[in-house]
Asks: 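Provided herewith is a single structure, encoded as structure tokens, for subsequent inquiry.
Lettering follows sequence order; numbering is per chain, from 1. Just so it is clear, the model here is predicted, and its values are computed rather than measured.
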Amino acid sequence: MASSRQLGGTLEDHLAAFRRGAVELIDERELEKRVRQALADDQPMRIKFGMDPSSPDLHLGHAIPLFKLRDLQALGHHIVLIVGDATAMVGDPSGRSKLRPVLTREQVAANLETYTNQAALVLDLERTEIVRNASWFDGMGFEGILQLTTRMTVAQMIERDTFQERLGAGEPVGINEFLYPLMQGWDSVEVRADVELGGTDQLFNLLVGRRLQEQDSQRPQVIVTTPLVNGLDGRKMSKSYGNAVGLTASAREMTFDLMRLDDESMGVWFLQLTRLPEEQIAELLEGHPRLAKARLAAEISGCFHGAEAAAAAAEAFNREVRDKQLPADIPEVHWDPAFGSTRALANLLKDVGLVQTTSEGRRAVDQGGVRWNAEVQKDPRCEMPEPNEPVLIQVGKKRFTRLLPAAPAES
RNA sequence: GGGGAGGUUCCCGAGCGGUCAAAGGGGUCAGACUGUAAAUCUGAUGGCUCAGCCUUCACAGGUUCGAAUCCUGUUCUCCCCA
């Protein structure tokens, strides 16, 4: 009976799901063979994906493989999500031009929960097997680790481009970093992965998985790499560059951020972060970039927050940014007698929370970026009177606060 | 173990006794332009009770009227030799 089958879709459906937006498939023929077999036996493939809880938040870049996993999950495959609590302590050298600080167990544990919660925004965790790799590494002991290190030579290890670069530039490479690819590879052996997904920067680690599986008489996993998307400013997306869109961002944040994306990146984002058919994407890209981008924002923020919230955010964007209207909700602050010893505008801006420091406030005013009830103020030392009526204070284009008269004394 | 080179402001990187809150670039912020961008142009970019003052140049001491710059020790990184 068809209804009892675990796998849905045709061979082509499966291959298309694996292929969409993939940078590399190692290797394609092997994949096809295994998919055929899986379909014939109605045996879901074990698809591995690892996330290191090394930073507290996931961003849209991380969502790319998650979307692919979701597609595969929908076709009936078995997803094994590895939470790399052991590997996180080592620190992945992938794409790193710097020695990574070693995380403590506490830091890792703190990130762990937020990670799975955020993955759940894309994946159906009910149907996902989640394992922590500390569950096998912790019990491995010195001997086990030592065994693992005998599986590769230094020459093989330093073939890796990031190591090459750092060694060439006279930058430090930690010995612990050599452990990382071995550990990630070992994960594949432990979970008997048929396929592993990862970003293009993971290629080396993924290949180590194949090597270790072969050494342990397992069929080497098929590798699917997904591209790393650039952040909003064109550099690699990263929290520390401040160019990332977080998975937990509100519909408004997502929409506003996505509209800042440069035109050139739209194609990749459409392909990777929406499930629109490729022909439709091509069509959108033919049209006006603004409309295409609006659609992109609607798709992505709709995926996380629902069409309604996405539409509201889009509307807010049009109103506030395109038509330069005031935002719908402006933070309000009551005049407080405790506001600085001086009421000078620069100080007030800080007291009210619009800027971090008085100096920043001073600069903003000097540069003509501060409006007091729509009037540009030029003197940072000008003493502003306690308002009798709400006053709209604006710093730059995006920061607003409404200053209200002092709140009535509490009784 | 021996020898050499280094650790500079958010990042990269100049500075090598005063003229240094410290060149230049990146980022960021503000302004102009725009399609919402991107690119480009302009300016700003330690803090403060701001024509002055205070805190920064790995850390701790020292020399000097005066140190990011010199000396000593500590610590971290890289390179070469063993």
Asks: Send over the distance from Lys293(A) NZ to rG35(B) C1', rounded to a whole Å.
Replies: 8 Å

Asks: Can you tell me the base-pairing partner of rU40(B)? Count Watson-Crick or G-U wobble geometry only, both distances below 3.5 Å, and say none if there is no partner.
Replies: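 rA32(B) - that is the nucleotide pairing with rU40(B), both distances being under 3.5 Å.
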
Asks: Please give the nucleotide sitting opposite rG17(B) as a Watson-Crick or G-U wobble pair, both distances under 3.5 Å, or none.
Replies: none

Asks: Does the cation-pi check pass for Arg166(A) over Phe163(A), that is, NZ or CZ under 6.0 Å from the six-membered ring centre and within 45° of its axis?
Replies: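 No cation-pi geometry.
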
Asks: Roughly how far apart, to the nearest Å, are rA5(B) and rU56(B) at atom P?
Replies: 28 Å

Asks: Identify all pairs in which a protein N or O lies below 3.5 Å from an N or O of nucleotides 30-34 of chain B, and state each distance.
Replies:
from	atom 1	to	atom 2	distance (Å)
rA30(B)	OP1	Arg399(A)	NH2	3.3
rA30(B)	O2'	Gln367(A)	O	3.1
rG31(B)	OP2	Lys397(A)	NZ	3.3

Asks: Determine the Euclidean distance between corresponding C1' atoms of rU77(B) and rU28(B); express it in Å to zero decimal places.
Replies: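 Looking at atom C1' only, rU28(B) and rU77(B) are 29 Å apart.
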
Asks: In Watson-Crick or G-U wobble terms, both distances under 3.5 Å, what is the partner of rG6(B)?
Replies: rC76(B)

Asks: Kindly give the heavy-atom pair with the smallest separation between Pro227(A) and Ile64(A), and that separation in Å.
Replies: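 That closest heavy-atom pairing would be O-CD1, 3.8 Å.
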
Asks: Going from CZ on Phe137(A) to CZ on Arg132(A), what distance comes out if it is rounded to the nearest 0.5 angstrom?
Replies: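 The distance works out to 12.5 Å.
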
Asks: Between Glu264(A) and Ala169(A), which residue's closest nucleotide on RNA chain B lies nearer the 5′ terminus?
Replies: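 Residue closer to the 5' terminus by nearest nucleotide: Glu264(A).
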
Asks: Residues two or more places apart in sequence or in another chain: which of them pass side-chain contact (heavy atoms from CB on, under 4.5 Å) with Asp379(A)?
Replies: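 For Asp379(A) the side-chain contact (heavy atoms from CB on, under 4.5 Å) partners, ignoring immediate neighbours, are Arg381(A), Cys382(A).
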
Asks: Pairing check on rG24(B): which nucleotide meets the Watson-Crick or G-U wobble criteria with it, both distances under 3.5 Å?
Replies: rC12(B)

Asks: Any base atoms under 4.0 Å from Thr357(A), or only sugar-phosphate, or nothing? Heavy atoms, all strands.
Replies: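 Sugar-phosphate contact only.
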
Asks: To the nearest 0.5 Å, what is the distance between CE (Met384(A)) and CD1 (Ile393(A))?
Replies: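 Answer rounded to 0.5 Å: 7.5 Å.
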
Asks: Would you say rU49(B) has OP1 or OP2 under 4.0 Å from some side-chain N or O of Thr358(A)?
Replies: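 Yes, because at least one side-chain N or O of Thr358(A) sits under 4.0 Å from OP1 or OP2 of rU49(B).
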
Asks: Without decimals, in angstroms, what is the distance between Leu291(A) CG and rA37(B) P?
Replies: 15 Å

Asks: For rC79(B) versus rC71(B), give the span between their P atoms, rounded off to a whole number of Å.
Replies: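 Roughly 25 Å separates the two P atoms.
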
Asks: Classify Phe317(A) by what it touches in the nucleic acid, base, sugar-phosphate, or nothing, heavy-atom distance under 4.0 Å.
Replies: sugar-phosphate

Asks: Partner lookup for rG1(B), please. Criteria are Watson-Crick or G-U wobble with both distances under 3.5 angstrom; report none if nothing qualifies.
Replies: rC81(B)

Asks: Return the orientation label for the Tyr115(A) and His62(A) ring planes: parallel under 30°, perpendicular over 60°, tilted otherwise.
Replies: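 The rings of Tyr115(A) and His62(A) sit tilted, inter-plane angle from 30° to 60°.
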
Asks: Please determine, for rC57(B), whether a Watson-Crick or G-U wobble partner exists with both distances under 3.5 Å, and give it or none.
Replies: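 Paired with rC57(B), as far as the under-3.5 Å criterion goes, is no nucleotide at all.
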
Asks: Please tabulate, for the side chains in residues 395-408 of chain A, all donor-acceptor contacts under 3.5 angstrom to protein atoms that are two or more places apart in sequence or on a different chain.
Replies:
from	atom 1	to	atom 2	distance (Å)
Arg399(A)	NH1	Leu354(A)	O	3.4
Arg399(A)	NH1	Glu360(A)	OE2	3.3

Asks: Give me the distance, rounded to whole Å, that separates rC11(B) from rA44(B) when you measure between the P atoms they each carry.
Replies: 22 Å

Asks: What pair of heavy atoms forms the shortest contact from Gln73(A) to Thr128(A), and how long is it?
Replies: NE2-OG1, 2.8 Å

Asks: Go through the N and O atoms of the side chain of Asp263(A) and the base of rG35(B), and report whether any donor-acceptor pair is under 3.5 Å.
Replies: yes

Asks: For RNA chain B, whose closest nucleotide is more 5', that of Ser359(A) or that of Ala292(A)?
Replies: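 It is Ala292(A) whose nearest nucleotide is closer to the 5' end.
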
Asks: Distance check, C1' atoms only: rG7(B) and rC57(B), in whole angstrom units.
Replies: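 Each nucleotide's C1' atom is 10 Å from the other's.
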
